[in-house]
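Encoded as structure tokens, the structure appears first; notes follow it.
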Amino acid sequence: MKSTGWKFEGDQGVFTLRHPELHNYLYFPLVNEAGMMSAITPNLHGEMTSSHNTFLMSPVSVEDLHNSKSARNFWVHIDGHGAWSVSGNSAKQNANRFMHQEEEGQLEAGFLWHKLKRMNGEAGLQTEVTSFVPVTDDQIELMKVTLTNVGQQTLKLTPTAAVPLYGRSADDLRDHRHVTSLLHRIYVHREGVEVQPVLSFDERGHRINRVSYSVLGAEGDGSAPIGHFPVLEEYIGEGGALDWPEAVIANKPAYAQAGDSMEGYEALGGLRFAEAQLRPGESKAYVMAMVIAKDRADIERLSETYLSEKRFDELLAQNEAYWNEKLNTVSFQTGDPQQDLWMKWVTLQPILRRLYGNSFLPYHDYGRGGRGWRDLWQDCLALMIMEPAEVRYLLLNNYAGVRIDGSNATIIGTKPGEFVADRNNIPRVWMDHGAWPFMTTLLYIDQSGDMDFLKQPQTYFRDVFVKRCQEKDAGWLPEHGNRLLTVSGEVYEGTVLEHMLLQNLVPFFNVGEHNNIKLEGADWNDGWTLLRAEGRAWPSRRFMPAI
């Protein structure tokens with residue numbers, strides 16, 4: 001069996017791929033401006049998070065996408081045929097893939113939605129799983145599963161949704177994984193399962209946790225599940241696993257009901273729906289919502305807003321319209337329609353970069369979220385084309401991160417112009433940091449003619465570090481704030497031009513014995529060198545020394 005390769009359908013960037021499960025490293029982003037950041041694979045693996053410390057599903061790297069069994073799943077126990085996963089992610093289906101018993105599957109995706117189609121030829125059951133993150137103010141991912149009987153016999157089905165609820169910081173994946181599960185407080189609702197750990201154990205310290213994580217679901221008409229499996233170990237059973245769970249394989253009845261609660265376990269958003277009789281040609285839909293809330297979830301509001309097929313379809317149409325409008329600001333005509341549509345996806349990348357920051361996708365599994373200094377300016381370069389109305393505002397706010405010594409803040413907040421003192425006391429200065437504001441501002445002025453921007457006043461960043469982070473000012477305290485003050489205690493402001501000059505002239509004269517600009521902190525892709533104090537630089541990272 002071979003994948004036939006992806007191809008575009010129509011003129012809006014929608015593409016299809018047969019047998020997508022044959023691509024181990026393939027994943028798709030689902031995101032909104034409210035802060036929900038998801039990644040989804042053709043077997044519904046991936047992750048969901050709103051920050052480094054708030055993962056609904058376990059954080060993953062690319063190797064986890066095919067090695068880990070923890071994934072979104074939706075099962076149907078088919079009378080006379082047994083258990084079957086609509087994502088193709090069961091032990092049996094994985095084993096059959098290379099035994100000439102593979103199923104027909106297809107991925108279809110657009111801006112920004114993901115659809116997986118599979119066929120159980122033996123039972124005559126066709127499934128379609130559509131996922132997206134709606135453009136609302138909630139941190140939520142939605143999934144609709146549609147079951148269609150394409151055979152000649154009536155099917156008796158028992159559906160079960162199963163999404164593992166990790167519900168904590170990425171730090172806890174290896175550090176205190178078991179201990180933090182003991183902190184889980186699990187609440188069973190009519191519509192699903194909610195977890196709110198009582199404490200948060202991460203680099204911020206042991207503190208009271210307010211964030212909750214929920215998996216909610218309903219039939220297409222809004223009917224609630226008939227029972228729940230809120231505890232992972234009881235769902236999979238002794239000797240079972242997430243890709244072959246006892247509760248589904250043995251078609252065991254759900255044991256938990258609305259109002260139940262438990263604590264101290266790894267949690268699961270396990271939802272059992274009522275048995276369904278599906279006659280030939282009939283379809284039935286189920287809607288799932290995975291939610292990260294800043295406190296206990298408002299289950300009633302969430303259910304009314306999201307848990308019906310009608311509402312799902314309305315929000316999906318709204319989502320498509322939103323992203324297509326945003327991306328239609330730029331178009332390409334190269335003479336090759338396929339290349340033009342591919343370039344349409346390239347225009348999405350700067351927006352994804354702004355929303356995801358450095359982290360939160362399987363191939364971007366480093367850092368703790370947010371963006372670096374260079375990223376701020378590189379994002380602005382792209383936004384001049386994609387979202388030009390925001391650029392002047394963002395540029396001006398970015399300059400608030402410059403220190404009076406020409407260095408800059410390295411911890412960047414989520415809001416424009418928000419910079420934070422380095423909490424780990426390991427600041428570094430990069431030799432090229434001054435170049436990026438200069439190049440970005442130059443392009444902005446060339447494009448807009450806005451020379452007055454150089455005269456705009458802006459504050460300077462201030463923290464404990466001075467002399468390009470080589471020394472600390474013992475007199476500075478966090479309560480003094482992060483804006484530079486005059487000797488009389490007033491906030492000091494300089495023009496944008498002054499900020500630019502400081503960031504470029506200081507490193508220009510900060511040279512070593514051979515008059516080369518000192519490498520200073522460098523970076524992993526610049527080639528770290530032990531010779532940075534002398535102002536010598538390695539020619540490339542191919543020749544990076546072992547340290």
Side-chain angles (χ1 to χ4, degrees), residues 43-45 57 68-97 99 101 103 118-127 129 143 145 147 149 151 153-166 181 184 186 188-193 195 215-219 223-262 264-278 284 286 288:
N43 63 5
L44 305 187
H45 211 303
M57 291 176 64
S68 169
K69 299 177 182 180
S70 178
R72 310 163 181 83
N73 216 329
F74 193 97
W75 297 81
V76 283
H77 190 280
I78 310 171
D79 192 39
H81 298 276
W84 185 71
S85 165
V86 303
S87 70
N89 199 17
S90 74
K92 182 179 180 180
Q93 287 162 295
N94 287 330
N96 286 344
R97 188 165 299 134
M99 301 294 290
Q101 300 177 52
E103 300 166 348
R118 296 195 71 81
M119 170 67 77
N120 183 325
E122 179 184 312
L125 180 65
Q126 180 178 288
T127 64
V129 182
M143 179 173 79
V145 178
L147 310 177
N149 185 348
Q153 305 295 322
T154 296
L155 296 176
K156 187 164 77 171
L157 310 173
T158 304
T160 306
V163 181
L165 279 162
Y166 174 75
S181 71
H184 278 185
I186 305 171
V188 180
H189 301 280
R190 180 172 173 269
E191 296 81 3
V193 178
V195 177
V215 175
L216 311 175
E219 297 184 22
S223 300
I226 61 171
H228 304 83
F229 300 97
V231 175
L232 190 146
E233 64 184 70
E234 294 181 359
Y235 167 73
I236 64 174
E238 290 296 337
L242 282 168
D243 64 349
W244 206 244
E246 182 186 21
V248 173
I249 307 309
N251 204 20
K252 299 177 67 174
Y255 64 88
Q257 300 294 327
D260 291 348
S261 62
M262 54 278 301
Y265 295 95
E266 290 283 357
L268 179 85
L271 282 59
R272 168 63 56 80
F273 294 96
E275 184 181 280
Q277 298 276 351
L278 210 58
K284 192 172 184 63
Y286 301 85
M288 308 293 298

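All heavy atoms count here, side chains included; hydrogens, waters and symmetry mates do not.
- Minimum heavy-atom separation, Leu155 to Ala123: CD2-O, 3.5 Å.
- Nearest heavy atoms, Trp84 versus Met119: CZ2-C, 4.0 Å.
- Side-chain atoms of Phe74 and Val129, non-hydrogen and from C-beta on, never get closer than 4.5 Å to each other.
- Applying the salt bridge (Lys or Arg N to Asp or Glu O under 4.0 Å) rule to Arg272 yields no partners; only residues at least two apart in sequence or on another chain are considered.
- Note: Phe229 and Tyr255 have perpendicular aromatic rings, judged against thresholds of 30 and 60 degrees for the angle between ring planes.
- Residue Asp243 holds its CG atom at 10.0 Å from CD1 of Ile236, rounded to the nearest 0.5 Å.
- Counting only heavy atoms from C-beta outward, the side chains of His81 and Asn120 never approach each other to under 4.5 Å.
- Rounding to the nearest 0.5 Å gives a distance of 9.0 Å between CG of Asn89 and CG of Leu242.
- Considering every non-hydrogen atom in both Val248 and Ala83, the closest pair reads CG1-CB, 3.7 Å.
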Item to check | side-chain contact (heavy atoms from CB on, under 4.5 Å) between Glu233 and Glu266, intermediate numbers included | outcome: CA-CA 7 Å; Glu233 64 184 70; Glu266 290 283 357; over 6 Å; no

Next on the checklist: If you apply the rule side-chain contact (heavy atoms from CB on, under 4.5 Å), what do you find for Val163 with Met57, and how did you get there?
Outcome noted: CA-CA 8 Å; Val163 181; Met57 291 176 64; 4.3 Å; yes

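- Of all heavy-atom pairs spanning Met288 and Gly217, the tightest one is SD-CA, 4.0 Å.
- Across all non-hydrogen atoms, the minimal contact from Arg72 to His45 is NH1-O, 2.7 Å.
- Taken to the nearest 0.5 Å, the CZ atom of Arg118 stands 8.5 Å off from the CG atom of Asn43.
- More than 12 heavy-atom neighbours from other residues, nucleotides or ligands sit within 6.0 angstrom of CD on Gln257.
- Relative ring orientation between Trp244 and Trp75 is described as perpendicular, the plane-to-plane angle rising above 60° on a 0-90° scale split at 30° and 60°.
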Item to check | Audit row: Ser87, Ser85, side-chain hydrogen bond (donor to acceptor under 3.5 Å, both in side chains) steps and yes/no | outcome: CA-CA 5 Å; Ser87 70; Ser85 165; 2.9 Å; yes

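- Interatomic distance, OH of Tyr286 versus CG of Leu147, reported as 5.5 Å (0.5 Å rounding).
- Atom CD1 of residue Ile249 and atom NZ of residue Lys92 lie 9.0 Å apart, to the nearest 0.5 angstrom.
- Taking CD1 of Ile186 as the start and NE2 of His228 as the end, the distance is 13.0 Å to the nearest 0.5 Å.
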Checklist entry - What's the verdict on side-chain contact (heavy atoms from CB on, under 4.5 Å) for Lys284 and Leu278, showing C-alpha distance, side-chain angles and the deciding distance? => result CA-CA 8 Å; Lys284 192 172 184 63; Leu278 210 58; 4.0 Å; yes

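- The minimum heavy-atom distance between Gly124 and Asn149, with the atom names listed, is O-OD1, 3.4 Å.
- Sorted by first and then second residue, the pairs that involve residues 245-255 and meet salt bridge (charged side-chain N to carboxylate O under 4.0 Å, His left out), not counting sequence neighbours, are Glu246-Lys252.
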